[in-house]
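The structure's right below; bear with me while I get my questions together.
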There are 2 protein chains.
Amino acid sequence: MFSKTCEYAIRAMIYIAQKSKTGNRVGIKEIAQGIDSPEHFIAKILQDLGKKDLVQSAKGPTGGFYHDAQSLEKSLADVVRAIDGDKIFTGCGLGLKQCSEDRPCPIHNQFKKVRGEIKLMLENAKVGELSEELEQRLTFLKR
Amino acid sequence: MFSKTCEYAIRAMIYIAQKSKTGNRVGIKEIAQGIDSPEHFIAKILQDLGKKDLVQSAKGPTGGFYHDAQSLEKSLADVVRAIDGDKIFTGCGLGLKQCSEDRPCPIHNQFKKVRGEIKLMLENAKVGELSEELEQRLTFLKR
DNA sequence: TAAATAAAAGACAAAAATATCTTTTATTTA
DNA sequence: TAAATAAAAGATATTTTTGTCTTTTATTTA
Ligand code: FES
Ligand code: FES
């Protein structure tokens, strides 16, 4: 569904959200450990998300990653779009160069429907909210 | 959503179905042309599908690929499972090693739902049926 | 101001996915 | 039976994704 990069990105975003609710910044090592991802890999991803202003960071001692109010309001759709682009939201399920009503592929109608539901699901899932269920240990970011 | 390999596989299956309804076998070149895929790549894929008995083939002049009655009854779910495995049907949306009710990821419930709909969509889509809409030029396999 | 800390940046490596090219095998037909 | 045809098989190449390692830059604190 999503690229590995995107999966790590989402998990990291929610992890950081949980930690930064209590005003804490969180280092790359702890994040990697907390979401079970390669350390340097998630570091790159967070750099990228940082440039796109989906996460905040500070260098030096006491530094680390955190979320401001705006970032906490971001949806998973925002994260997915930033990493994987919008192929999943608008692309053809059978890989035709363009999804189109005029020249639909054999599963266009059905696919369009689930594609829309995925979009809705991701748009309604806010990073900040998801981190609350995490805090309550109702959900988890690694197995 | 699906790998390129899987997209080509599905498109080829439907293309072959259409052609083999009229008793024709169809060569790899025509298939590649008809679904806009690399010739040698789709050849490999079809070899694979052949071994798994999702498509039939014959060598030599008048040879080519075709579908028997059983293959026409195959669903896209069968094709996807043969190529991409069942990750899409049972895997965790955020890439946790296992999807589980006991230790769900933050989008488990919502994801589970759409995952189920994808499964249903693919199980209800039979290769033979899809090829009929193709025949009527209501749907297309390339842009 | 020097040392320690932590992210940013850049270079490199491995693995997987995608794509191409060549040779072999089976089958048909002239 | 020889030539032609078409898939099967095998080898190789390219690109993308994923992962690792090293150096640099910014910041804090002693
Ligand atoms: S054309 Fe394939 S999903 Fe719309
Ligand atoms: S645990 Fe992630 S989808 Fe079920």
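Naming convention: chains lettered A, B, ... in sequence-line order (proteins, then strands); numbering from 1 in each chain.
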For this session: Could you give me the stems involving DNA chain D, meaning stretches of three or more consecutive Watson-Crick or G-U wobble pairs whose two defining distances are both below 3.5 Å?
Result: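 So far as stems of 3 or more pairs are concerned, DNA chain D shows C:1-30 with D:1-30.
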
Problem set entry | Non-neighbouring partners of A/Q98 that pass side chain to side chain contact (heavy atoms under 4.5 Å, CB included), sequence neighbours left out |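 For A/Q98, the residues satisfying side chain to side chain contact (heavy atoms under 4.5 Å, CB included) (neighbours in sequence not counted) are B/R143.
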
For this session: Find out if a path of hydrophobic residues (ILVMFWY) with successive side-chain heavy-atom gaps under 4.5 Å connects A/I31 to A/F140.
Result: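 No.
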
Problem set entry | Along DNA chain D, first and last positions that approach a heavy atom of chain A under 4.0 Å |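 On DNA chain D, the outermost contacted nucleotides are D/dT18 to D/dT29.
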
Exercise. When rounded to the nearest 0.5 angstrom, what is the spacing between CD1 in A/I107 and CG in B/L122?
Worked result: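 So the CD1 of A/I107 and the CG of B/L122 are separated by 6.5 Å.
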
Problem set entry | More than 12 heavy atoms from other groups under 6.0 Å of NZ on A/K142 |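 Enclosed.
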
Exercise. Going hydrophobic residue to hydrophobic residue with side-chain gaps under 4.5 angstrom, can you get from A/L141 over to A/I45?
Worked result: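 Yes, it is one cluster - the side chains of A/L141 and A/I45 are joined through contacts under 4.5 Å.
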
Could you pull out all donor-acceptor pairs under 3.5 Å where a side-chain atom in residues 68-81 of chain B meets a protein atom, sequence neighbours excluded?
{"unit_1": "B/D68", "atom_1": "OD1", "unit_2": "B/Q70", "atom_2": "N", "d": "3.1"}
{"unit_1": "B/D68", "atom_1": "OD1", "unit_2": "B/S71", "atom_2": "N", "d": "2.8"}
{"unit_1": "B/D68", "atom_1": "OD1", "unit_2": "B/S71", "atom_2": "OG", "d": "3.1"}
{"unit_1": "B/D68", "atom_1": "OD2", "unit_2": "B/Q56", "atom_2": "NE2", "d": "3.3"}
{"unit_1": "B/S71", "atom_1": "OG", "unit_2": "B/L54", "atom_2": "O", "d": "3.3"}
{"unit_1": "B/S71", "atom_1": "OG", "unit_2": "B/Q56", "atom_2": "OE1", "d": "2.9"}
{"unit_1": "B/S71", "atom_1": "OG", "unit_2": "B/Q56", "atom_2": "NE2", "d": "3.3"}
{"unit_1": "B/S75", "atom_1": "OG", "unit_2": "B/A77", "atom_2": "N", "d": "3.3"}
{"unit_1": "B/S75", "atom_1": "OG", "unit_2": "B/D78", "atom_2": "N", "d": "3.2"}
{"unit_1": "B/S75", "atom_1": "OG", "unit_2": "B/D78", "atom_2": "OD2", "d": "3.3"}
{"unit_1": "B/D78", "atom_1": "OD2", "unit_2": "B/S75", "atom_2": "N", "d": "2.9"}

Problem set entry | Those residues that, when tested against B/P38, pass side chain to side chain contact (heavy atoms under 4.5 Å, CB included) (two or more places apart) |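 B/P38 satisfies side chain to side chain contact (heavy atoms under 4.5 Å, CB included) with B/Y8, B/F41 only.
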
Exercise. side-chain hydrogen bond (donor to acceptor under 3.5 Å, both in side chains): which pairs involve residues 113-122 of chain B, sequence neighbours left out?
Worked result: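 Of all non-adjacent pairs touching residues 113-122 of chain B, none passes side-chain hydrogen bond (donor to acceptor under 3.5 Å, both in side chains).
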
For this session: Please name all residues satisfying salt bridge (charged side-chain N to carboxylate O under 4.0 Å, His left out) with A/K21, sequence neighbours left out, ordered by chain then number.
Result: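 A/K21: salt bridge (charged side-chain N to carboxylate O under 4.0 Å, His left out) contacts with A/E132.
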
Problem set entry | Contact list for residues 38-52 of chain B, test side-chain hydrogen bond (donor to acceptor under 3.5 Å, both in side chains), sequence neighbours left out |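 As it turns out, there is no side-chain hydrogen bond (donor to acceptor under 3.5 Å, both in side chains) pair with a partner in residues 38-52 of chain B once direct neighbours are skipped.
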
Problem set entry | Of B/F65 and A/H40, the one whose closest DNA chain D nucleotide lies more 5' |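 Comparing both residues, the 5'-ward one is B/F65.
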
For this session: Can you establish whether the number of heavy atoms outside A/K4 located under 6.0 Å from its atom NZ is more than 12?
Result: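 Check passes, neighbour count above 12.
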
Exercise. Which ring pair (Phe, Tyr, Trp, His ring centres under 6.0 Å) pairs, counting each pair once, include a residue from residues 72-126 of chain B, with sequence neighbours left out?
Worked result: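 Every pair satisfying ring pair (Phe, Tyr, Trp, His ring centres under 6.0 Å) with a residue in residues 72-126 of chain B: there are none.
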
Problem set entry | Under 3.5 Å: donor-acceptor pair, side chain of B/R25, backbone of B/F65 |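 Absent.
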
Exercise. Any side-chain donor-acceptor pair under 3.5 Å between A/N24 and A/T22?
Worked result: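 Side-chain D/A pair, A/N24 to A/T22: present.
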
Exercise. Under a 4.0 Å heavy-atom cut-off, which of residues 1-29 of chain B touch DNA chain D?
Worked result: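 Of all residues in residues 1-29 of chain B, the ones placing a heavy atom under 4.0 Å from DNA chain D are B/V26, B/G27, B/I28.
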
Exercise. Which ones in residues 82-95 of chain A lie close to DNA chain C, meaning a heavy atom under 4.0 Å from one of its atoms?
Worked result: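 Those residues whose heavy atoms fall under 4.0 Å from DNA chain C, taken from residues 82-95 of chain A, amount to none.
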
Exercise. With no hydrogens and no angle check, is any side-chain donor or acceptor of A/S20 less than 3.5 Å from a backbone partner on A/G23?
Worked result: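 No, because the side chain of A/S20 does not come within donor-acceptor range (under 3.5 Å) of the backbone of A/G23.
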
Exercise. In residues 42-64 of chain A, which residues come under 4.0 Å of DNA chain D by heavy atom?
Worked result: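 Heavy-atom contacts with DNA chain D come from A/K59, A/G60, A/P61, A/T62.
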
